[in-house]
Each structure stands twice: as structure tokens, then as C-alpha cells.
Student: 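The structure under discussion is supplied below as C-alpha cells; questions concerning it will follow.
Here is how names work: the chains are called A, B, and so on, in the same order as the sequence lines, proteins then strands, and each is numbered from 1. Not measured: the values here are computed from a predicted model.
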2 protein chains.
Amino acid sequence: MTDVKHQLFEQFAIVAKALGHVHRLDLLDYLAQGERGVDGLARATGLSVANASQHLQNLRRAGLITSQKRGLQVFYQLAGEDVVGLLGALRHTTERHVAEVDRIVAGYFNARDSLEPVSRAELLKRSHEGLVTVLDVRPSEEFQAGHIPGAVNLPLKDLEKRLKDLPKDQEIIAYCRGPYCVLSFEAVAALRNKGYTAHRLEEGYPEWRASGLPVEATK
Amino acid sequence: MTDVKHQLFEQFAIVAKALGHVHRLDLLDYLAQGERGVDGLARATGLSVANASQHLQNLRRAGLITSQKRGLQVFYQLAGEDVVGLLGALRHTTERHVAEVDRIVAGYFNARDSLEPVSRAELLKRSHEGLVTVLDVRPSEEFQAGHIPGAVNLPLKDLEKRLKDLPKDQEIIAYCRGPYCVLSFEAVAALRNKGYTAHRLEEGYPEWRASGLPVEATK
DNA sequence: CTAGTAATCAATTATTCGCTTGAATACTAG
DNA sequence: CTAGTATTCAAGCGAATAATTGATTACTAG
């Protein structure tokens, strides 16, 4: 009778529980950029390989990611774009109802975020007019796995020394891993310092892709 | 630096962890019908009062519900409609990626679900044409807290004895607490047995309300 | 066949979580 | 002021979780 509901709720709980750990959210954040091997994920997140492996298995058991072995490595990937949506919903209600978020965001971002970010729709419009340089500041590994069509890859850590690659007469819109990814904040701040007109894209690459907009990958 | 991201992820994890327990999902399911006191929730879920209270405080700490004292009782309510959306996203990706769900649903519902459910849009269309009786089979307590405008309340357990209240010449669309709430399945099965033309609304009252459609409450 | 690499498994320990129990608090009605 | 009701608090215990460590499996390159 009501037994069915509880069996289903148990499944929902397993999925929610899988999302209930910082390290697993972190792993999902990286996987949302593109597939990766265990070793790469462990290095990106700073976890030991064994620990990362266990967390990844947890996520797989919950159905949030899938894996397949190719050659020596096991590659993990998000089970689907809807997982990005679920993470977005989690972020959204947390932002909305947890006061702590405001405090954290205000403390670290506000100084930089004074100029409002650009939405996806706006980026599309402005880039159709051809007046804008779209800048991807993620590491090139992630850029190669997938990026916004026409974007220029210039990882944050190389930004200083490769500044001359950027046209100074065009507006620059920077993006990275997601709405709270610090890379694009830093990039915009640095670019403004150098006299560029720079803005941040409101969200990151995973949200762009999940919304069904076209993407481009380097072979 | 990347410290900010982890502080934020910790907040997301707290919210996800709050969703990661059957009893708390159950409590949210009832709260999605309307506000309730601790005692009522404990009775509805079958938990001890102390246990229910602790789970509710957990949910409140996570920001998913709010509470206020009125008279002797403490009433809890969802923090916002977006919580229904988050639960929907959780349900959606679980359905999509966890094979176990298919098994459970197939085993219990398939026999009954042979006839496809009606969507919200369809219900609106048909009820505008005035050819349909909308039936709310939840307990009257929940009906009174809020229901679809024009719906008739006939709790499942009274259905047999109050069958004569239903016009036999109109199609009946039944709904209850949510997509997996068994009440409406049972009701449709029972009504068909008696010769009525009955269908199930695809989702329940919380989803209806969260989508911004008008609702009605009994004073 | 051997060495080396990538990942998982298994065992251990510290920590957190969930539930029960009984006491404590807060309030209301009389 | 007292009795009764609704809820929370606090302590305690067993179960589940997370991280570490070292061993093991599976595969590839030479």
C-alpha cells in the first residue's frame, strides 16, 4: 500500500544522500565540465585516489554518473544533463533559503561582482552582432572537452602573459565552470585592471550545455 | 580562493543531506500539502513525536522549512514553492537513472496505470468545457488546507459509501498528494470498477500549486 | 613473462547519524 | 497557581559513513 511510496522515497534518499557531501559535489562539478579518469579527478579535487574512487562509486550507485573502461583508465561521466539541472535546483533553493550563502558570497564576491553579470541570452545577442570576445578561462583540458562555440581559451594562470592575444577594442565576456567558479571573477577583475571592458557570464559551461545550446569540442 | 567554493558547497551539502532520509522526504511530502503541527506530522508519518521534531529541526536548519508558534502548537511549512521544484528535480533524475524505480513502479502501479494519466494542461482544458468532475481523494484535513478550484473532496476511505455524490455521466479526474501517491491510483481503479469513466491527474496538488496555478482553500 | 600503471577492494578507526527514553520548557485553561 | 498539552532538549547506544592504509585485481608495454 503505502509501502510503495517508501520504496520509492528510499531511492530518492539514496540520490540525495549522494549529493550530501562536499567532495562528491566537487567531483560532480568537475565531471560537469566533461568526462575524466579517476586519477585526474583525484588530482583536481585533491583527494587520494582510493577516496575519490569510493566517492565515485557512491555516485555511480546512486545513478548520477556512469563509467566505462577505455584502455588502462576508467572514465566517469555525468549520467545525463538532467543531473546539471538537479544541481542547479539544489543551488537555487540553497541560495534562496540559507542566509549563510549571502554571507559567504557577500564576503568574497561582492567587491568584484559590483558589475552585473551577462545572461546566456544576452551573450548570444551580442556575439551575433560580432562585437564581443567570449573568453573561456578554464584549464585547457576542460576547454578541449567542450566549450562555447567561438570561445577563446586562455586559462586564468596564463592570462597575464598572454594578454596580447586579446583584442583591446572589443568587450570581453568571461566564463568558467559555474556560477560560483572563481576563475571568471578573477579574470574579469584582472582584465579591468588592464583597461579592458570585461564582464562575467552569469553561469558556466555546464549550464550552457545543459540548456541545449550548441557546444564545440577540440578533437 | 577556492575556499569560497567549498564553503558554498558545504551549504549545498547540508541541504542535500537533509533530503537524504526517507522520513524527512515523507515529512516534506506531507508539508507540501499544507502546513501542519508536529503532532499531526508525527501521526501522519508514524514517527514518534520526539523523532519527528528532530527531523523537522534538521529540515529547518537546512532552510527547507520554516516554523512558527501559534497558540500551543508549532506549525511547520515549506520554505517556498521552489522546494517542491527541488523535490521534483530529485524525483526526475532518480526516475531517469535508477533502474530500481522502474522495477518498483512496474510491480505496483503498472496493472492500474494502463490508462495514461491526464496532464495539468489537459485538465484545465477539459474542466473549462465543464465536462469533468475533479476529485480530490486526500483526507479532508489536507483538502481544506488547499485544493484545486472546483474540486470535490471525497477521501479514499469514504469513497465506497459516498459514491452517490458523484455524477455518473461525467468523466472523473482524480488527484492526491503527488505523482506516486497511491490514493488516486486506488480511487481510479475503484471508480472504474463501478462503471465510472475515471482518470488520474499526472501529478498532485503540490505540483499544481508550485506551478503557479490558482488554488482554493476552505476557511 | 615481467614490470609498471590505474583502479578497486578490504580492514581499521574516528565521526556522525538516527532513534529511544525520560526530563525540561513553554504555554494555556480553569 | 495548578494541571494538562505540545514541543524541545539531553543523554546514550547501535548503525552507518568517511578517510587511511596496504593489498589485490586488471590490464598494457616491452
Student: Rounded to whole angstroms, how far apart are CG on B:Leu47 and C1' on C:dT21?
Tutor: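 After rounding, the gap between these two atoms is 16 Å.
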Student: Quick one about B:Asp3 and B:Gln7 (side-chain donor to acceptor, distance below 3.5 Å, no hydrogens or angles considered), yes or no?
Tutor: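 On atom types as modelled, these side chains qualify, holding a pair under 3.5 Å.
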Student: Is the CZ atom of A:Arg162 crowded by more than 12 outside heavy atoms at less than 6.0 Å?
Tutor: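 Yes.
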Student: Kindly give the atom pairs (protein nitrogen or oxygen, nucleotide nitrogen or oxygen) under 3.5 Å for nucleotides 11-17 of chain C.
Tutor:
none

Student: Measure from CZ on B:Arg36 to C1' on D:dA6 and round the result to the nearest Å.
Tutor: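 The distance from CZ of B:Arg36 to C1' of D:dA6 comes to 16 Å, rounded to the nearest Å.
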Student: Testing the 3.5 Å rule here: is there a donor-acceptor pair between the side chains of A:Ser211 and A:Glu207?
Tutor: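 No, because no side-chain N or O of A:Ser211 sits under 3.5 Å from a partner of the opposite role on A:Glu207.
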Student: Could you state the CG-C1' distance from A:Leu27 to C:dA7, rounded to the nearest angstrom?
Tutor: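 Distance check: A:Leu27 CG to C:dA7 C1' gives 15 Å.
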Student: Looking at A:Phe185, does the NZ or CZ of A:Arg200 lie under 6.0 angstrom from its six-membered ring centre and within 45 degrees of the ring axis?
Tutor: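 Ring-cation test returns yes.
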Student: Is there a side-chain contact between A:Ser53 and the phosphate of C:dA7, meaning an N or O under 4.0 Å from OP1 or OP2?
Tutor: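 No, no such contact exists.
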Student: Please give me every residue in residues 72-79 of chain B whose heavy atoms get under 4.0 Å of an atom in DNA chain C, ordered by residue number.
Tutor: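 Of all residues in residues 72-79 of chain B, the ones placing a heavy atom under 4.0 Å from DNA chain C are B:Leu72.
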Student: For B:His55 and D:dT8, give me the distance from atom NE2 to atom C1', rounded to whole Å.
Tutor: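 Atom NE2 in B:His55 sits about 15 Å away from atom C1' in D:dT8.
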Student: With a 4.0 Å cut-off on N to O distance, would you call A:Glu202 and A:Arg120 a salt bridge?
Tutor: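 Not counted as a salt bridge, because no side-chain N and carboxylate O are separated by less than 4.0 Å.
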Student: Without decimals, in angstroms, what is the distance between A:Gln57 CD and C:dA6 P?
Tutor: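 The distance from CD of A:Gln57 to P of C:dA6 comes to 17 Å, rounded to the nearest Å.
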Student: At under 4.0 Å, does any side-chain N or O of B:His23 touch on OP1 or OP2 of C:dC19?
Tutor: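 Yes, such a contact exists.
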Student: For B:Leu56 and D:dT7, give me the distance from atom CG to atom P, rounded to whole Å.
Tutor: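 In whole Å, D:dT7 P lies 10 Å from B:Leu56 CG.
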Student: Does atom CD (B:Gln68) have a neighbourhood of more than 12 heavy atoms from anything else shown, all under 6.0 Å?
Tutor: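 Yes - once you tally the heavy atoms of other residues, nucleotides and ligands closer than 6.0 Å, there are more than 12.
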Student: On DNA chain D, nearest-nucleotide positions of A:Lys69 versus A:Asn51: which is more 5'?
Tutor: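 Whichever sits nearer the 5' end wins; that is A:Asn51.
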Student: Please work out which of the three classes, parallel, tilted or perpendicular, describes the rings of B:Phe143 and B:His147, given edges at 30° and 60°.
Tutor: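 Because their plane-to-plane angle is under 30°, the rings of B:His147 and B:Phe143 count as parallel.
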Student: Parallel, tilted or perpendicular: which one describes the rings of B:His21 and B:His55, with boundaries at 30° and 60°?
Tutor: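 Ring orientation of B:His21 relative to B:His55: tilted.
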